Q: 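Handing you a structure now.
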Amino acid sequence: MEGYRTIQAPAQDEFIEKKSRFIGHIAPVRSEEEAVAFIGEIRARHREATHNVYAYILRENQLSRFSDDGEPQGTAGRPVLEVVQREGLVDVAVVVTRYFGGVLLGAGGLVRAYAQGAKAAVDAAQVLNMQPAAVLELDMGYDFYGKATYILPGHQVQTLDTDFAEGVRLRLLCKKARLDALTRELTELSSGTVFPLILEEKFAHFPEGDR
């Protein structure tokens, strides 16, 4: 199970090229239905625009689609798609809106402008590096709690919840790549009495400094 790159939330940016206004929009999407809904939302918001060019890439079935939306074939949708691919993003939809300013850009100018619009949208978004992870439950006595909290940061584990009762119960988020090492150290330090129970496997974002 490999990780992937996506974005956290919708974002946009814009620029003017030879009097034409280009607005790059990007949003996270999990399905083709969500991608189509986002494209429809942007089209509705910019009904007066000359073109609303789009591209999207989904992890599911490795699906990708693009549209020139009336621009000359190959000058708009594909350049937008290629930017998304080059950035290594999936589960995203990008729409580049153009308000024509009266000056023709030519095929090369259109390719550059739509690619710039897509890149502007990507640069405005927060990119997430999603990695295979596991949600863990850890039960221990108070005598071991101090040791556990000392070693967890070394495995880049995030604490999601702590419950203090007769003993201590931790709910943790751990990279799958670190799980074996964490389990081994906990087991050795506790003489086999403390070990993580996997509650869920998922993808999660970890801060860059935690690689």
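Keep in mind that this is a model prediction, so the values were computed, not measured.
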Q: Return the NE2 to CZ distance between His205 and Arg5, rounded to the nearest 0.5 Å.
A: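 Reported to 0.5 Å precision, the distance equals 10.5 Å.
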
Q: Got Leu136 and Leu197 here, is their nearest side-chain heavy-atom distance under 4.5 Å?
A: no

Q: Do Thr50 and Arg98 have a side chain donor and acceptor closer than 3.5 Å?
A: no

Q: What heavy-atom pair brings Pro72 and Leu110 nearest, and what distance separates the two atoms?
A: CD-CD1, 3.8 Å

Q: Of all residues at least two apart in sequence or in a different chain, which pass the side chain to side chain donor-acceptor pair (under 3.5 Å) check with Ser64?
A: none

Q: Are side-chain heavy atoms of Thr6 and Val92 found at a separation under 4.5 Å?
A: yes

Q: Please tell me whether Val94 and Leu58 are part of a single hydrophobic cluster in this structure, the criterion being side-chain heavy atoms less than 4.5 Å apart.
A: no

Q: Per the side-chain contact (heavy atoms from CB on, under 4.5 Å) rule, which among Asp69, Asn52, Val53 passes with Thr97?
A: Asn52

Q: Could you measure the distance from the CD atom of Glu17 to the CD atom of Gln116? Nearest 0.5 Å is fine.
A: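 The CD atom of Glu17 sits 6.5 Å away from the CD atom of Gln116.
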
Q: With sequence neighbours excluded, what pairs up with Asp163 under the side chain to side chain donor-acceptor pair (under 3.5 Å) test?
A: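 Applying side chain to side chain donor-acceptor pair (under 3.5 Å) to Asp163 gives none.
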
Q: Are Glu71 and Tyr114 packed together at the side-chain level, in the sense that at least one heavy-atom pair is separated by less than 4.5 angstrom?
A: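 Sidechains of Tyr114 and Glu71: in contact.
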
Q: So, do Leu128 and Ile7 sit near enough that their side-chain heavy atoms are less than 4.5 Å apart?
A: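 Side chain of Leu128 against side chain of Ile7, heavy atoms only: no contact under 4.5 Å found.
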
Q: Any donor and acceptor pair, going by atom type alone, linking the side chain of Arg169 with main-chain N or O of Thr162 inside 3.5 Å?
A: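 Such a contact is absent between Arg169 side chain and Thr162 backbone.
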
Q: Can you list the residues that meet the side chain to side chain donor-acceptor pair (under 3.5 Å) rule with Tyr56, with sequence neighbours excluded?
A: Glu32

Q: Between Val168 and Phe144, is the side chain to side chain contact (heavy atoms under 4.5 Å, CB included) condition met? List the steps.
A: CA-CA 9 Å; Val168 182; Phe144 191 74; over 6 Å; no

Q: Enumerate the ring pair (Phe, Tyr, Trp, His ring centres under 6.0 Å) contacts for residues 149-175, please, sequence neighbours excluded, ordered by first and then second residue.
A: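 Sorted result for residues 149-175: Tyr145-Phe164.
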
Q: So, does Glu34 use its side chain to make a donor-acceptor pair with the main chain of Arg30 at under 3.5 Å?
A: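 Side chain of Glu34 to backbone of Arg30, a donor-acceptor pair under 3.5 Å: yes, one is there.
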
Q: Centres of the His46 and His25 rings: under 6.0 Å?
A: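 Between His25 and His46, which both carry aromatic rings, the centre distance is below 6.0 Å.
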
Q: Please collect all ring pair (Phe, Tyr, Trp, His ring centres under 6.0 Å) contacts where either partner lies in residues 70-92, sequence neighbours excluded, each pair once.
A: none

Q: What's in the same ILVMFWY side-chain cluster as Leu104, cut-off under 4.5 Å, chained through other members?
A: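 Noted: Leu104 shares its cluster with Phe100.
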
Q: Taking Arg45 first and then Glu41, would you say they form a salt bridge - that is, a charged N and a carboxylate O separated by under 4.0 Å?
A: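 So Arg45 pairs with Glu41 through a salt bridge.
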
Q: Between Phe203 and Tyr4, is the ring centre distance below 6.0 Å?
A: yes

Q: Where the side chain of Asp161 meets the backbone of Arg171, is there a donor-acceptor pair that is under 3.5 Å apart?
A: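 A pair under 3.5 Å: no.
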
Q: Could you pull out the closest heavy-atom pair between Leu186 and Pro196, with the gap in Å?
A: CD1-CD, 4.1 Å

Q: With a 4.5 Å limit on heavy-atom distance, are the side chains of Met140 and Leu170 in contact?
A: yes

Q: Minimum heavy-atom separation for Gln8 to Pro28, with atom names?
A: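 Where Gln8 meets Pro28 most closely, the heavy atoms are O-CG, 3.9 Å.
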
Q: So, does Thr187 use its side chain to make a donor-acceptor pair with the main chain of Phe195 at under 3.5 Å?
A: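 A pair under 3.5 Å: no.
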
